[in-house]
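Here the structure is laid out as structure tokens; the discussion comes afterwards.
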Amino acid sequence: MGPDEYDIKRDIGIIMQNVAVFDELTVYENIYYFCSLYINDKDKIKELTEEAIRFVSLEDYTKFYPKKLSGGLLRRLNIACGIVHKPKLIILDEPTVAVDPQSRNKILEGIQQLNEQGATIIYTSHYMEEVEQICNNIAIIDKGKVVAQGSKEELKAMISIGEKITIETYQIKEEQLMMIREMPNVISATYDNNLLEIKSGRGKNNLLQVLHFMENNKIDFGKVFTQLPTLNDVFLEITGKELRD
């Protein structure tokens, strides 16, 4: 080990997907211990420990042992242990798996706050909506290789889908569905459970031409939704839709 290697490690915080805390220690003792691995001054350790507890909102659970915590609270304890020493680089591996919505929001807000305070965050997740919410530089990895990289806007520009149109209707016929598929700029059209879903390329009047078709063919319809492509669409188009192991 080089003389500077430990100093480098002190600037790194790692929060693994599997919670890594000591069952024999309370919430407070766990965070204090992990901080003491990097900080020598006891007063500073106490100060940072209390700050980390407030940061993840565990003030009411400091004397609890991990086995008494819910999944969401346990995840927040895990994060506190990884960031208590104020690292400059924080690596998070799917920190919101199997947590309640309130804890998920708290975790995501905390990650953004850490980034705003100057930390560089490397965040891995299968939840594309989370990635879209908090990440500014995104890499899609498939079978161990980076297959696309950029901002969310740049990634969305890589795929053919420009807009998804969903229309509630109860009476569309197969020949009418075929006619929609042949419309300019339409990539695909499916009809299932009384919902017509159309994926179109980039353009200004995609919805207008579909609604005109519905009216001209006297097809009654209810709710209409339009949605721009999401990162989930990008991921599926780039990596494929087949099931993985």
Side-chain angles (χ1 to χ4, degrees), residues 1-139 141:
M1 180 183 290
D4 298 326
E5 191 167 336
Y6 193 79
D7 288 339
I8 294 171
K9 289 181 178 179
R10 189 243 176 268
D11 285 333
I12 300 173
I14 299 177
I15 296 100
M16 304 301 292
Q17 180 177 345
N18 295 323
V19 175
V21 296
F22 293 101
D23 290 336
E24 302 82 3
L25 302 180
T26 65
V27 164
Y28 184 94
E29 290 166 345
N30 262 292
I31 300 170
Y32 187 100
Y33 171 76
F34 281 100
C35 188
S36 70
L37 296 176
Y38 303 97
I39 309 294
N40 293 322
D41 184 281
K42 289 185 178 180
D43 290 336
K44 187 65 175 176
I45 296 171
K46 182 175 182 293
E47 177 188 332
L48 290 173
T49 299
E50 291 172 353
E51 185 178 337
I53 288 169
R54 290 193 298 271
F55 183 77
V56 295
S57 299
L58 287 176
E59 296 96 327
D60 296 335
Y61 304 93
T62 56
K63 295 181 180 179
F64 281 56
Y65 288 90
K67 288 183 179 178
K68 294 292 185 180
L69 299 177
S70 68
L73 294 173
L74 198 55
R75 290 277 174 190
R76 282 149 60 182
L77 170 60
N78 202 40
I79 290 173
C81 291
I83 59 95
V84 62
H85 59 293
K86 292 192 176 296
K88 296 177 182 176
L89 173 65
I90 302 171
I91 302 169
L92 296 113
D93 182 17
E94 303 210 41
T96 63
V97 169
V99 303
D100 57 275
Q102 291 84 356
S103 285
R104 174 171 290 181
N105 288 338
K106 181 66 182 176
I107 289 168
L108 294 177
E109 288 171 3
I111 292 168
Q112 290 175 296
Q113 189 176 340
L114 288 168
N115 184 233
E116 290 166 2
Q117 291 172 355
T120 298
I121 311 289
I122 297 176
Y123 184 85
T124 66
S125 179
H126 285 94
Y127 297 127
M128 294 296 105
E129 68 276 10
E130 290 184 1
V131 175
E132 191 160 0
Q133 178 182 340
I134 70 172
C135 298
N136 49 36
N137 186 22
I138 302 161
I141 299 175

So do [Y] and [X] actually touch side chain to side chain, heavy atoms under 4.5 Å?
X: Val27; Y: Leu69; answer: yes
X: Thr96; Y: Tyr127; answer: yes
X: Thr26; Y: Tyr61; answer: no
X: Leu89; Y: Ile122; answer: yes
X: Thr120; Y: Ile90; answer: no
X: Lys42; Y: Tyr32; answer: yes
X: Ile53; Y: Val84; answer: no

At what distance, to the nearest 0.5 angstrom, does [atom1] of [X] lie from [atom2] of [Y]?
X: Ile31; Y: Ile79; atom1: CD1; atom2: CD1; value: 11.0 Å
X: Asp93; Y: Thr124; atom1: CG; atom2: OG1; value: 3.5 Å
X: Glu47; Y: Ile39; atom1: CD; atom2: CD1; value: 10.0 Å
X: Ile83; Y: Ile14; atom1: CD1; atom2: CD1; value: 14.5 Å
X: Asn115; Y: Cys135; atom1: CG; atom2: SG; value: 9.0 Å
X: Gln117; Y: Gln112; atom1: CD; atom2: CD; value: 12.0 Å

So which heavy atom on [X] is nearest to which on [Y], and how close?
X: Pro66; Y: Leu25; result: CD-O, 3.1 Å
X: Ser125; Y: Val131; result: CB-CG2, 4.1 Å
X: Ile107; Y: Pro95; result: CD1-O, 3.7 Å
X: Glu129; Y: Arg104; result: OE2-NH1, 4.3 Å
X: Gln133; Y: Leu108; result: OE1-CD1, 3.7 Å
X: Asp100; Y: Ser103; result: OD2-N, 2.8 Å

Taking atom OH of Tyr28 as the centre, does the number of heavy atoms from other residues, nucleotides or ligands within less than 6.0 Å exceed 12? yes
Over 12 non-hydrogen atoms of neighbours within 6.0 angstrom of CG in Asp23: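 Atom CG in Asp23 is crowded, with more than 12 foreign heavy atoms closer than 6.0 Å.
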Backbone N or O of [Y] within a donor-acceptor pair of the [X] side chain at under 3.5 Å?
X: Asp11; Y: Lys88; answer: no
X: Asn78; Y: Leu74; answer: no
X: Arg76; Y: Lys106; answer: no
X: His85; Y: Ile12; answer: yes
X: Thr49; Y: Ile45; answer: yes

Applying side-chain hydrogen bond (donor to acceptor under 3.5 Å, both in side chains) to Tyr123 and Glu130, what does each step give before you reach the verdict? CA-CA 10 Å; Tyr123 184 85; Glu130 290 184 1; 2.4 Å; yes
Could you pull out all residues at least two apart from Tyr33 that satisfy ring pair (Phe, Tyr, Trp, His ring centres under 6.0 Å)? Phe22
Could you go through Glu94 and Met16, starting from their C-alpha distance and side-chain angles, then the distance that decides it, and tell me whether this counts as side chain to side chain contact (heavy atoms under 4.5 Å, CB included)? CA-CA 8 Å; Glu94 303 210 41; Met16 304 301 292; over 6 Å; no
Step by step, work out the side chain to side chain contact (heavy atoms under 4.5 Å, CB included) result for Leu37 and Arg10. CA-CA 9 Å; Leu37 296 176; Arg10 189 243 176 268; over 6 Å; no
Pair Glu24-Tyr65, side-chain donor/acceptor within less than 3.5 Å: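 The criterion, which ignores hydrogens and geometry beyond distance, is not satisfied for Tyr65 and Glu24.
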